[in-house]
Amino acid sequence: MDKATRTITGAEAVIKSLLEEGVDTVFGYPGGAIMPVYDAIYDYQNQINHILSRHEQGLIHAAQGYARVTGKAGVCFATSGPGATNLITGLTDAMMDSTPLVCITGQVASPLLGTDAFQEADVIGLTMPVTKWNYQVTNASEIPEAIAKAFHIASSGRPGPVVLDIAKDAQFQEIDFQYEKCTKVRSYVPSHNVEPESVEEAAKLINSAKKPYVLFGQGVILSGAEQELKEFVEKTGIPAAWTLLGLSALPTDHPLNVGMLGMHGNYGPNVKTNECDLLIAVGMRFDDRVTGDLSNYAKQAKVIHIEIDPAEINKIVPADVALLGDAKKVLTKLTAKVEANSHEEWLAEFRACDKVEFEKVIEKDLYPTKEKLTMGEAIRMAAEATNNDAVLVTDVGQQQMMASRYFKFSQSRSCVTSGGLGTMGFGIPAAMGAKIGQPDRHVVCIVGDGGFQMTMQELGCIAQYNIGVKIIILNNNFLGMVRQWQQLFFDRRYSFTELQNPNFVKLSEAFGIPAKRVAERDNLQGAIEEMIAHEGPYLLEVMVEKEDNVFPMVPTGASVSNILLEP
């Protein structure tokens, strides 16, 4: 590295530090306390692509979408006070879903700290519970080292969001700029070397199991272990099911891919959890939406847990063998130790469940005979129109579960959704970031009419930068997931879940984005094909049945064995 120094402002040091980290895109919204940084980036527009969102929540979700499809840390700028506090939802979402972000906020000048100055907020105190690391910079000399440390912490080990809060006077100060990437932080151990004895113990359990079962999550994707997972299941012949965030790590059509776990997951993957004799959890944390009633979860099975974060080991489900380490490295060592095998009779049990689910649920969702359009058929047609090779971005709710069940995937990092936090409004801005991160791939955003209206102002950003996302609003004029619960568990007392919606087509056209509304089955296929073929952004509103529900469903507090296939 060139160690030559040059005197520059702290604001310019921010930009040059980002360039040193290979940053090519920043999502931001200017304001008074970060104005020096915006003045500095003016001279670097040919090196950094800055995307001006319409709201700070939008910009941080966009940074999440970018990070999820590229594997790089998403970067965003916001000003002090309300600008910074508007990031909190995105930070919490990123923290729960292990998404690497570097968020840089402006702050009032250091002499004003603690005086309740205009647009001052305690950003460090506010963000501490929802960041992997945060730090307040009050002197320009700290900027290069702080940014280097931020990228290292955000992207290593179990990824997560970091916040750097930079006082305005530090942005004006001048320093002799010199940058050195961070590779180590004292007392921070992002990964561990897996113990050979544990690998041997795990291999013995796998080799002797009659009904072993792999559950894989986003940890596989974050560690780049997709090929290692594939080699492991193919050598052992073990059926594998995915969590919501593990979606796309194993191709949908892989013969050992048995489907989705969880509250609205597939029938077989849920009920077989309580019939297997060995659970092998890879890069997943046993979320309550996956386990259901813990007192009746896989009590008959031994448990092997492969996990990079020691805090997750034994937190929810006790492990008989814990393999603490990076999934890619652990799977490589484990595959070398296990015996080649097949479990055809055990796999056939999953396929028998698939037939039951198809007859009771899937056929009605994807190939309905009733008059009203279903969410499932719209999603199926969208996947087929993109040759099952698009990046799927969803909002949160019924459409999220339907899309996760019925979209198909052939490559990894192809599903972007809000998992742990379940953030409505995530979809539209995350799709912007995903398309910017993967400009050569189709990006299809599936949203409900409720979630869409939470961040629909980002249509302005999509139009300004001609971000070619394809948006499908599945409109049932309800907050659909809440309404489903009210129907099933609250005697159809639809308390404040019905929506009076605007004309979404006119709204989209007002931003300069072509749009169409479909309410008849005969028009749906052609409309989807027209949307996909269109160069640039497009919005398609599909009017679906108002009381279309998502099944299967594990009721809250129930065992995964008690999954419902119908009301």
Salt-bridge criterion met for Glu226 and Arg413 (N-O under 4.0 Å):
no
Which one of Lys364, Arg521, Lys372 satisfies the salt bridge (Lys or Arg N to Asp or Glu O under 4.0 Å) criterion with Glu377?
Arg521
Does NZ in Lys333 sit with more than 12 non-hydrogen atoms of other residues, nucleotides or ligands closer than 6.0 Å?
no
May I ask you to decide whether Lys315 forms a salt bridge with Glu312, counting only side-chain N to carboxylate O separations under 4.0 Å?
yes
Residues Glu357, Arg405: salt bridge by 4.0 Å N-O rule:
yes
Can you check ring-ring contact (aromatic ring centres under 6.0 Å, His included) on His264 and Phe551, steps first, answer last?
CA-CA 6 Å; His264 291 290; Phe551 284 97; 7.6 Å; no
Using side chain to side chain donor-acceptor pair (under 3.5 Å) as the criterion, list what pairs up with Gln487, not counting sequence neighbours.
Arg483, Asn549
Considering only residues two or more places apart or on different chains, which pairs with a residue in residues 374-405 satisfy ring pair (Phe, Tyr, Trp, His ring centres under 6.0 Å)?
none
Of the options Asp395, Asp93, Thr394, which is the one that meets Ser418 in a side-chain contact (heavy atoms from CB on, under 4.5 Å)?
Asp93
Partner set under salt bridge (charged side-chain N to carboxylate O under 4.0 Å, His left out) for Arg380, not counting sequence neighbours
Glu384
Using the ring of each side chain (for Trp, its six-membered ring), is Tyr494 parallel, tilted or perpendicular to Phe478, with breaks at 30° and 60°?
perpendicular
Pair Glu275 + Lys211: basic N to acidic O under 4.0 Å
no
Just checking, any donor-acceptor pair under 3.5 angstrom between side chains of Asp365 and Thr374?
no
Should Arg285 and Glu307 count as an ion pair when the cut-off is N to O under 4.0 Å?
no
